[in-house]
Amino acid sequence: MNNKGFDAQKIEKKWQDWWRENQTYRTENQVAGKENFYALSEFAYPSGNLHVGHWYAFAVPDIYARFKRMQGYNVLYPMGFDAFGLPAENAAIKRDLDPNKWTYENMDYMKKQLTSMGASFDWSRTLATCDPSYYRWTQWMFARFFENGLVYRDVTKVNWCEHDKTILANEQVVAGACERCGNQVIQKDMPQWMMKITDFADALVDDLEKLPWDDSIKQAQREWVGRKEGSLIPFTIRETETYDVNTGPGDDAFREGQPIVERDNVVVIIEHPDKDEFLCAKWKQVDWQGFVTGGIDEGKTPEETALEEVREETGYQNPEIVQAYDRSSHGLFWHVVKEQNRKANYRIVHVKLKDLEREESSAEEQAIAEFVWVPRAEVNDFLKREDMRYPWRVVSGEDTLDQVQVFTTRADTLFGATYLVLAPEHTLVTSLKNRIANSDELDAYLTEVSKKSDLDRQQSKEKNGVELKGVEAVNPATGQPIPIWIGDYVLPNVGTGAVMAVPAHDERDCEFALKYDLPFRFVVLPSAGPVGNSRQLITTGENAFILSAGATEEKGQSQINAEWNAMYDLLGECADGYLPKGKRFSCTFEGKLINSPDFNTQTSEDARRNITDVVSGALTTTYRIRDWGISRQRYWGCPIPVVYDPEGTPHLVPDEHLPWLLPEDVDHTPDGTAPLARSEELKKRTEEIFGKGWTPEVDTMDTFVDSSWYFYRYLDNQNEDVFASKEAIDAWMPVSMYFGGAEHTTMHLLYSRFWVKALYRLGLVSHDEPYQGRLNRGLILGPDGNKMSKSKGNVIDPDEVVSHVGADTVRMYLAFIGPFNEPGSYPWDPNGVVGIRRFLERFWRLSEHIVDTESDQVTSALHKTILKVTDDIDRLKLNTAISTLMIFVNDAEKAGGISKNSYEILARLIAPFAPHLVEEWWQTAGGYDTSVHLADWPVADTSLIMNESTTIGIQINGKVRAEIIVSDDEDEDTLRDRVMALPEVVKWTEGKEVKKFIYIPGKAISLVIV
RNA sequence: GCCGGAGUGGCGGAAUUGGUAGACGCGUGCGACUCAAAAUCGCAUGUCUUCGGGCGUGUGGGUUCAAGUCCCACCUCCGGCACCA
């Protein structure tokens, strides 16, 4: 291929050498009359070999950097190496090498490969994060952060990768697995150094507003920070006095032959209408022993049964329900225990008499029991007797054990909170342990939970839990006691690790409540959406009644209407909001409050604030993001500049001892302990400087620390006094355009933003965002459309392609493969590469057709091309810029030639894409002795653009039927006459009436006929 | 499930504000040059067609003289978050 057209190999070598010798791309911090432009590509890990992804990451942005340079900017486009990290260490372990040597050899080799791209890197500014002259400043910044409380040491649960034998940051754990090696990550308690990124959580979200980045990047960062507005609601916790049921001879169940086992019964507590007294049955030898009881018949509610029992057994005719307790109690009859050991289920119903109107009870009833009024205090004493246990709670109000804060985003549903769920890890679970009646059950559950990995726990959606018997919480809005559960669906580090469960308005609580038969209270009437009741209402639950409401309808709007109507009907039936069995569901929409005294008809939004206020809660914000743990138990990383005194207190290594060097006498084999702990030299060094008994920190830093500030060091990489001078920083920062991979959106990009904000807070820099522009590039796939991988055998070796078609072709092909400003994935097409090579050859051959005078059409087309190419490169739509250049070259060929001046302009337009080839023409045939890359970018002369006529389509009833050439100055009437005379138009309009004639100059003519 | 983004020929993709859908490149077909092949050049290339035209930008509706583009509903794919309270 090289024997025809141009010799890429020769040309490229020649100009790469020339550029180096002439320092063409050396960049000064300031150039008079030029604005600075900092174009940055995420630096490379020195893996030892350049792949197509590197070309895409570095060579394509280089086109942009060259373009900006020609446009008159003073452009910095630097390159360096992110040189600490696991691969070096793994290679070292595997092949018994020195990671330092391995890394530096790779960097040398890769520098050569990078040069072969023809990129305009200023190599005088390069850096390597593993170089002591670099990491000295990483350590220096760590020290400043330490002094200002931005880094601290803490023992926390950490993500531990068994394979890599190191801690991982939350950001490095993907779906419970190690982001690097894919092995499962386990939780371990370990001391580690933490960066206080949470201090900047708000700024990391809010400051996104002022950045013109793609919304997907900003959104991903927002979600990562996970800021949520909500309320902290305090719930008091108290001891529940739960008693087994004792009944006397008045109980149905006591009578011979009654089916007691598995029978549902009520115990009725009867309150006096005026006095604080309760009606108790008087039995046999004792003054009184119990309350009215009765069996619940099939189809009756406990309430109905209770009212009936009161009327029948006591004769009082107007009882009124105060409260029905939902929890049933498994009672043992005190007297039956001895004889038959029978059991029954009890529901307790508390009624109050409206008046003392009384019918005489039957003789039979009177024979069994007569009734006496007993003062509350006396009843309470009775209930507390060891041998006399009743399921009725004694209300005393003085038994507050503790308080628990619950975080919720839906304080408006507080009246619907019918139970509380704590994470198994919640501290309250331990502190309440001795109060809990069912601690065996609890222990068994806790053991089971601890066996589950975090991954298992989050993957199994089957909810389960255990009630903490013996304690209960009080719903601060209703004042009602509610049970407390623990459940592993509540995660310890989300919110406060405690949830107020509102089954009627939360899907997860609904599932849990259905499983354990907990009450549903509906307190928010959903509002119709902006377009009416267009949304499906039910999220989950026993919604058969609702489904059947719309069963005859087709799925769609009428089904949805039926759902809403069924809900309204149901809510009309249950005035207190408690949903009956079989009709329990959850609806998470916001709306207006119901069943919430004092707050009814308020909107969810208002109620959240007002309810929070009334229950002495607090509006608050929570975040998903956690502090950044940076300790790594690995060798090849930046040493943490900390030593411990004999008491174990950490101290910074003073600045004069920086760089705090990475020891070399270390066996790198990972065994779960830090390799640095095995260094005699480090131990000795520490004792010599600080004294006997002092020990060094042996963990190294996460490599994301190294890369959090590297863009400063390019600006002033030789400076030995500061990480970069203020002048250099102010000249270049923030980075004008940062090119990188989408995979770094929630890691490097977030960390470095944090880092800069921290430096800003400490007054070390004068800007609080590192990157003005940001572009996530796409992915180059193999020719088969799959991700390139050795196992699939679809890996493209750029060196090999370059040896066939040259670097210019490869660069330009990558720019042509798809829009660089959209992070799509583009398959590598070997034939597509050939197409670009053909184009470059046509451009090359066009230089043999230089004529003295070219046609006006060519001149006009050239200037149009300038406009379009300039605009496209500016928007990083390099693919269409190239297609525009192709069109022009094709046209110029056909037009028979091009003037030298025009060819020079064309050459400059192509120069960023094919820097070697254009330089070759420019400095040989073109006759220049300075680089084309330092030439000015062409500016279009619009006066040379011929634009007097355009061909536009004629639509008849919306269909294009003809076309016509129109000059810009033609008036509408003459145009109309010409249009109507066209044979193609006549064909369609003959015998029809033309109702409308629309002319949009330069765009369309539209006729409406009938 | 929620939040982003995207669905256009055989393929990558183009159409910047609603105005001739498919630019440009690849592939394919035919032709020229050649003893032949490669390379190069030229022509054609959405689809159906009774050669009048019909149909075409994920699906179904709608707005408009005009819709890939705007509105409503849905489907699929990609990315982020996810038992997040």
Side-chain angles (χ1 to χ4, degrees), chain A residues 1 3-5 175 214-224 226 228 230 406-410 413 421 423 457-463 487-491 493-502 506-509 511-512 531 534 539 556-557 588 622-624 742-743 745-746 776 781 785 813 816-819 822-836 838-839 841-842 845 868 871-872 875 877 879-887 890 893 951-963 987 995-998 1000-1009:
Chain A
M1 198 179 281
N3 53 357
K4 282 247 173 186
D214 193 87
D215 210 51
S216 61
I217 305 173
K218 296 207 250 182
Q219 194 55 28
Q221 293 217 348
R222 277 186 210 111
E223 270 164 24
W224 190 267
K228 278 206 181 66
V406 161
F407 176 78
T408 178
T409 54
R410 293 296 303 274
T413 63
V421 192
R457 191 160 151 188
Q458 287 185 26
Q459 271 178 350
S460 83
K461 303 280 175 184
E462 173 71 26
K463 292 178 184 51
D488 67 356
Y489 81 96
V490 177
L491 304 174
N493 40 23
V494 176
T496 57
V499 175
M500 62 175 225
V502 186
D506 182 283
E507 258 184 81
R508 293 148 302 159
D509 299 339
E511 261 178 67
F512 192 81
V531 285
S534 62
T539 32
Q557 189 56 49
T588 56
T622 60
Y623 303 87
R624 199 191 86 97
E743 69 276 16
T745 302
T746 52
N776 280 1
L781 306 175
Y813 172 66
F816 187 63
I817 199 166
E822 285 171 31
S825 15
Y826 310 105
W828 177 275
D829 176 5
N831 290 315
V833 179
V834 175
I836 293 291
R838 279 206 275 260
F839 165 73
E841 277 171 11
R842 288 163 90 146
R845 276 201 307 272
K868 170 87 172 134
D871 187 43
D872 281 352
R875 292 184 298 133
K877 291 219 58 174
N879 53 338
T880 50
I882 293 169
S883 96
T884 306
L885 290 166
M886 286 172 167
I887 293 167
N890 289 347
E893 252 176 11
T951 305
I952 61 177
I954 301 168
Q955 297 175 29
I956 298 172
N957 281 355
K959 293 232 152 47
V960 178
R961 300 296 185 184
E963 53 183 36
K987 193 169 101 189
K995 285 193 72 178
K996 261 188 190 173
F997 180 88
I998 297 162
I1000 290 115
K1003 295 204 167 158
I1005 295 166
S1006 190
L1007 299 181
V1008 186
I1009 60 170

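In what follows, chains carry the letters A, B, and so on, assigned in the order in which the sequence lines appear, proteins first and then strands, with residues in each chain numbered from 1. Treat the numbers as computed from the prediction; the structure is a model and nothing was measured.
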Give each protein N/O atom lying under 3.5 Å from an N/O atom of nucleotides 2-4 of chain B, with the pair distance.
from	atom 1	to	atom 2	distance (Å)
B/rC3	O2'	A/Q219	NE2	3.2

Inset, instruction - State which residues pass salt bridge (Lys or Arg N to Asp or Glu O under 4.0 Å) with A/K868; sequence neighbours excluded, sorted by chain then number. - result: A/D872

Inset, instruction - Find the distance A/K463:NZ to B/rA82:C1' and express it as a whole number of Å. - result: 12 Å

Inset, instruction - Return the minimal non-hydrogen interatomic distance between A/F997 and A/L1007, and the atom names on each side. - result: CD1-CD2, 2.9 Å

Legend entry - Test side-chain contact (heavy atoms from CB on, under 4.5 Å) applied to A/Q221 - qualifying residues, sequence neighbours left out: A/L208, A/W213, A/T745, A/L749, A/L750, A/R753

Inset, instruction - Indicate, with a heavy-atom threshold strictly under 4.0 Å, whether A/V421 touches base, sugar-phosphate, or nothing. - result: nothing

Inset, instruction - Could you tell me the separation between the CZ atom of A/R624 and the P atom of B/rC84, rounded to a whole number of Å? - result: 12 Å

Legend entry - Atom pair CD1/OG1 of A/I217 and A/T746 - distance to nearest 0.5 Å: 11.5 Å

Legend entry - Main-chain N/O of A/D829 paired with A/Y813 side-chain donor or acceptor, under 3.5 Å: yes

Legend entry - Between B/rU28 and B/rG60 - C1' atom distance, rounded Å: 35 Å

Legend entry - By ring-ring contact (aromatic ring centres under 6.0 Å, His included) - contacts of A/F407 (at least two apart): none

Legend entry - Spacing of the C1' atoms in B/rG18 and B/rG80 (rounded, Å): 32 Å

Inset, instruction - State whether A/N890 places a side-chain N or O below 4.0 Å from either non-bridging phosphate oxygen (OP1 or OP2) of B/rG25. - result: yes

Inset, instruction - Verify the contact: side-chain N or O of A/R838 to OP1 or OP2 of B/rU40, cut-off strictly under 4.0 Å; return yes or no. - result: yes

Inset, instruction - Could you measure between the two P atoms, the one in B/rC24 and the one in B/rG62, and give it in whole Å? - result: 36 Å

Inset, instruction - Could you state the atom-to-atom distance from CZ of A/R410 to C1' of B/rC84 in whole Å? - result: 15 Å

Legend entry - CH2-CG distance between A/W828 and A/L781, expressed to the nearest 0.5 angstrom: 12.5 Å

Inset, instruction - Examine distances only and state if a side-chain atom of A/N957 and a backbone atom of A/I1009 form a donor-acceptor pair shorter than 3.5 Å. - result: yes

Legend entry - Separation of A/R961 CZ from A/I1005 CD1 (nearest 0.5 Å): 15.5 Å

Legend entry - Residue whose closest nucleotide on RNA chain B lies nearer the 5' end, A/T884 versus A/Q221: A/T884

Inset, instruction - Would you kindly give the CE-to-C1' distance between A/M886 and B/rC26, to the nearest whole Å? - result: 10 Å

Inset, instruction - Please name all residues satisfying salt bridge (Lys or Arg N to Asp or Glu O under 4.0 Å) with A/E511, sequence neighbours left out, ordered by chain then number. - result: A/K463

Legend entry - Nearest-Å distance for atom pair CG/C1', residues A/D872 and B/rC24: 12 Å

Legend entry - Whole angstrom value for the distance that separates C1' of B/rA85 from CD of A/E511: 14 Å

Inset, instruction - Just label B/rG9 as syn or anti from its O4'-C1'-N9-C4 or O4'-C1'-N1-C2 angle, using within 90° of 0 for syn. - result: syn

Legend entry - Separation between the P atoms of B/rU8 and B/rC2, rounded to whole Å: 25 Å

Inset, instruction - Give, for atom CD1 of A/I998 and atom CD1 of A/I954, the distance between the pair rounded to the nearest 0.5 Å. - result: 13.5 Å

Legend entry - Between B/rC24 (C1') and A/L885 (CG): distance, integer Å: 11 Å

Inset, instruction - Would you confirm whether A/Y826, through its side chain, and A/P819, through its main-chain N or O, come within 3.5 Å as a donor-acceptor pair? - result: yes

Inset, instruction - Could you tell me whether the phosphate oxygens of B/rC41, OP1 or OP2, come under 4.0 Å of any side-chain nitrogen or oxygen in A/R845? - result: yes

Inset, instruction - Quote, to the nearest angstrom, the C1' distance that separates B/rC65 from B/rG52. - result: 25 Å

Legend entry - Same-atom distance (C1') from B/rA6 to B/rC84, integer angstrom: 28 Å

Inset, instruction - Tell me which nucleotide among B/rA21, B/rC81, B/rG27 gets nearest to the side chain of A/N831. - result: B/rG27

Legend entry - B/rG58 versus B/rG9 - spacing of their C1' atoms, nearest Å: 15 Å

Each nucleotide N or O in nucleotides 28-30 of chain B that has a protein N or O under 3.5 Å away: list the pair and distance.
none

Inset, instruction - Establish whether the base of B/rC84 is bridged to the side chain of A/K228 by a donor-acceptor pair shorter than 3.5 Å. - result: no

Inset, instruction - Identify the heavy atoms of A/A501 and A/V421 that sit nearest to each other, and give their distance. - result: CB-CG2, 4.2 Å

Legend entry - Gap separating the OG1 atom of A/T880 from the CD1 atom of A/I887, nearest 0.5 angstrom: 10.0 Å

Tabulated below should be each protein N or O lying under 3.5 Å from an N or O of nucleotides 11-14 of chain B; please produce it.
from	atom 1	to	atom 2	distance (Å)
B/rG12	O2'	A/I817	O	2.6
B/rG13	O3'	A/N879	ND2	3.4
B/rA14	OP1	A/K877	NZ	3.2
B/rA14	OP1	A/N879	ND2	3.2

Inset, instruction - Measure across A/E893 and A/R842 and return the closest heavy-atom pair with its distance rounded to 0.1 Å. - result: OE1-NH2, 3.3 Å

Legend entry - Closest heavy-atom pair and its distance - A/V499, A/V406: C-CG1, 4.0 Å

Inset, instruction - Indicate syn or anti for B/rG52, taking the glycosidic torsion and treating anything within 90° of 0 as syn. - result: syn

Inset, instruction - Considering non-hydrogen atoms only, spot the tightest contact between A/K228 and A/T409 and give its length. - result: CD-CG2, 4.1 Å

Inset, instruction - Only counting residues at least two apart or in another chain, list the ones meeting ring-ring contact (aromatic ring centres under 6.0 Å, His included) with A/Y489. - result: A/F512

Legend entry - Presence of A/R508 side-chain N/O under 4.0 Å of B/rA82 phosphate oxygens OP1/OP2: no

Inset, instruction - Choose from B/rU20, B/rA85, B/rA23 the nucleotide whose nearest atom is closest to any side-chain atom of A/E963. - result: B/rU20

Find every protein N or O atom lying less than 3.5 Å from an N or O atom of nucleotides 45-49 of chain B, and list the pairs.
none

Inset, instruction - Treat a base pair as Watson-Crick or G-U wobble with both distances under 3.5 Å, then lay out RNA chain B in dot-bracket form, 5' to 3', with | for cross-strand pairs. - result: (((((((..(((......[....)))((((((.......))))))(((....)))..(((((..]....))))))))))))....

Inset, instruction - With sequence neighbours excluded, tell me which residues meet salt bridge (Lys or Arg N to Asp or Glu O under 4.0 Å) with A/D871. - result: A/R875

Inset, instruction - Identify the heavy atoms of A/G785 and A/P827 that sit nearest to each other, and give their distance. - result: CA-CB, 4.2 Å

Legend entry - Separation of B/rC24 C1' from A/Y813 OH (nearest whole Å): 13 Å

Legend entry - Toward the 5' end of RNA chain B, by each residue's nearest nucleotide, A/T622 or A/I882: A/I882

Inset, instruction - Between protein and nucleotides 52-69 of chain B, map the contacts as a letter string: B base, S sugar-phosphate only, - none, heavy atoms under 4.0 Å, written 5' to 3'. - result: SSSS---------BS---

Inset, instruction - Provide the distance between the two C1' atoms, one in B/rC48 and one in B/rC43, to the nearest whole Å. - result: 23 Å

